[in-house]
Amino acid sequence: MAFTKKTVRDIDVDGKRVLMRVDFNVPLKDGVVTDDTRVRAAIPTISYLKEHNAKIILMSHLGRPKGDGPEPALSLKPAADKLAELTGYEVKFVDDTYGEKAAEAVAALEPGDILVLENVRFDKREKKNDPEIAKTLASYGDIFVLDAFGTAHRAQGSVVGPAEYLPAVAGFLLEKEVDTLTGIFAEPERPFVAIVGGSKVSSKIGVLDHLIDSADTLIIGGGMAYTFFLAQGMSVGNSLKEEDWVERAGEMLKKAEEKGVKILLPIDNRVADHFGEDAVPEVVASDAIPDDREGMDIGPETEKLYADAIAGAKTVFWNGPMGVFEFDNFAHGTQAVAEAVAANEGCTSIIGGGDSVAAVNKFNLADKMSWISTGGGASMELVEGKALPGVEALNDAE
Ligand SMILES: Nc1ncnc2c1ncn2[C@@H]1O[C@H](COP(=O)(O)OP(=O)(O)O)[C@@H](O)[C@H]1O
Ligand SMILES: O=C(OP(=O)(O)O)[C@H](O)COP(=O)(O)O
């Protein structure tokens with residue numbers, strides 16, 4: 001499917017103030033960016049604008065601040081520093097977003113300069129898409145560019161607001177993500193194997209439901225598997241569960257059976273007596289999880305089962321780790337699945353979402369995947385066939 005919106009190629013940016021929404025929502029540890037995928041992904045558009053003499057104003061959120069003022073741990077300064085480090089460009093930073101200090105920093109820009117504003121979510125009006133903040137942000141630019149694919153599913157002030165006041169076009173990352181993902185999802189080469197993990201059944205229920213309609217095999221792992229176990233009448237000990245969704249999980253299993261879609265759930269699990277880095281894994285069958293244990297990862301038999309299903313796939317879409325991969329003792333299942341996807345060289349593999357991408361990077365397998373998407377929620381909405389509000393707000397291509 002061709003991208004139907006204007007892009008930076010379609011507009012003269014020479015000498016103009018270009019206000020660009022990026023997704024620099026990166027993981028941080030002790031003030032240092034631990035996975036720079038999203039910063040790297042924004043560089044092609046930033047470089048293009050710089051080479052074309054634009055004055056570049058970058059804005060993003062980072063994390064989920066309370067919205068009533070600055071939270072130093074969620075400052076965008078480390079992301080600005082990372083951009084400078086990766087590009088060698090001078091990158092200015094201002095610790096203000098909507099106030100005079102930010103306006104002054106913008107006014108001081110020369111063509112080719114790059115300025116990063118502070119976290120747009122330090123003010124709660126951002127999330128409410130308040131017109132006042134959209135107006136303030138729009139006053140910084142002559143042109144609005146959206147390149148924040150990972151946030152394009154959020155109808156929030158800095159994502160959709162400036163498009164009401166300024167010519168609004170897409171950056172290269174947004175264009176490429178939407179083009180690639182809609183193209184693959186429209187007619188996936190079959191067998192299409194979808195892998196969904198992570199912790200939240202409730203937030204992924206819509207996509208799971210859609211995947212039963214579109215995938216040939218749906219692999220479920222991670223913390224969300226236990227809600228499905230409950231739906232099958234098994235006990236799950238202290239594992240993560242969402243009791244309110246058990247009935248719905250049961251309905252989905254039934255729907256899949258009626259449609260002839262294979263749903264694979266773990267047959268064994270690595271469980272532990274507490275949730276912690278030092279917890280010692282024990283392998284138990286799925287129908288034998290002791291009351292005082294919690295499931296932290298899929299087990300070795302499940303790894304084989306999932307690897308076999310992945311080996312036969314022509315298209316793989318993966319969102320969400322198979323276990324608590326942040327702890328080395330429980331990273332095995334996620335690594336096994338990542339290796340199985342990487343080993344299937346003939347398939348189109350799409351990895352979506354912060355945690356899954358971080359996991360694939362941790363195992364050094366990113367270059368074996370066909371497409372690493374910078375958006376988890378956003379790519380899931382595309383797989384569901386939904387339009388992204390950020391994209392909708394942009395000017396149509398002629
Ligand atoms: N069995 C499990 N128990 C508890 N947490 C889990 C389990 N498996 C995976 N997780 C956690 O799920 C988190 C990712 O979940 P989620 O936010 O739904 O995924 P994503 O960010 O990829 O969309 C990771 O931090 C991981 O540790
Ligand atoms: O990290 C993000 O989403 P993702 O984890 O679904 O990929 C985006 O930056 C959106 O962040 P949000 O879910 O706090 O709006």
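Note: hydrogens, waters and symmetry copies are ignored here, and every other heavy atom, side chains too, is used. When a ligand or atom number is given, it counts from 1 through the structure's own listing order.
Atom 10 (N) of ligand 1 has Gly323 O, 4.0 Å as its closest protein atom, hydrogens excluded (heavy atom only). Regarding atom 4 (C) of ligand 1, its nearest protein heavy-atom neighbour is Val324 CG2, 3.8 Å. With respect to atom 13 (C) of ligand 1, the closest heavy atom belonging to the protein is Ser199 OG, 3.9 Å. The protein heavy-atom contact nearest to atom 27 (O) of ligand 1 is Glu326 OE1, 2.7 Å. Of the protein's non-hydrogen atoms, the one nearest atom 11 (O) of ligand 2 is His61 NE2, 3.2 Å. Distance from atom 8 (C) of ligand 2 to its nearest protein heavy atom, with residue and atom name: Gly150 O, 3.3 Å.
Atoms of ligand 2 lying under 4.0 Å from at least one heavy atom of Arg64, given by number and element, are 12 (P), 13 (O), 14 (O). Close contacts of ligand 2 with Asp23, meaning ligand atoms under 4.0 Å from a residue heavy atom, involve 8 (C), 9 (O). Atoms of ligand 2 found under 4.0 Å from any heavy atom of Gly377 (numbered from 1 in listed order, with element): 4 (P), 6 (O), 7 (O). For ligand 1, the atoms closer than 4.0 angstrom to any heavy atom of Asp355 are 14 (C), 17 (O), 19 (O), 20 (P), 21 (O), 22 (O). Close approach of ligand 2 to Asn25 (heavy-atom distance below 4.0 Å) involves ligand atoms 1 (O), 2 (C), 8 (C), 9 (O), 11 (O). Ligand 1 places these atoms under 4.0 Å from at least one heavy atom of Lys200: 17 (O), 18 (O). Near Ser356, meaning under 4.0 Å from one of its heavy atoms, ligand 1 places the atoms 22 (O). In summary, the atoms of ligand 1 found under 4.0 Å from a heavy atom of Gly320, numbered by their order in the structure, are 22 (O). Within the listing of ligand 2, atoms 4 (P), 6 (O), 7 (O) sit less than 4.0 angstrom from a heavy atom of Gly376. Under a 4.0 Å criterion applied to the non-hydrogen atoms of Met296, ligand 1 contributes the atoms 1 (N).
Residue-level proximity to ligand 2 for Arg121 is carried by the side chain, the only part with a heavy atom below 4.0 angstrom.
Between Lys50 and Tyr89, the shortest heavy-atom contact is CE-CD2, 3.5 Å.
Checked by distance only, ligand 2 and Arg154 come closer than 3.5 Å through their nitrogen or oxygen atoms. In terms of polar-atom proximity, Gly375 is not counted as a contact of ligand 2, lacking any N or O under 3.5 Å from an N or O of the ligand. For Arg38, a nitrogen or oxygen atom sits less than 3.5 Å from a nitrogen or oxygen atom of ligand 2, counting backbone and side chain alike.
Residues Asp113 and Lys55 are not paired through a salt bridge, judged by the lack of any N-O separation under 4.0 Å between the basic side chain and the carboxylate. Using a 4.0 Å cut-off between charged nitrogen and carboxylate oxygen, Lys77 and Asp95 do not count as a salt-bridge pair.
Of the options Asn53, Asp142, Leu49, Ile11, a side chain to side chain contact (heavy atoms under 4.5 Å, CB included) to Lys16 is made by Asp142 and by none of the others.
Judged by the shortest distance from any of its heavy atoms, Gln156 lies outside the 4.0 Å radius around the atoms of ligand 2. Using a 4.0 Å cutoff on heavy atoms, Met380 does not count as a contact of ligand 2.
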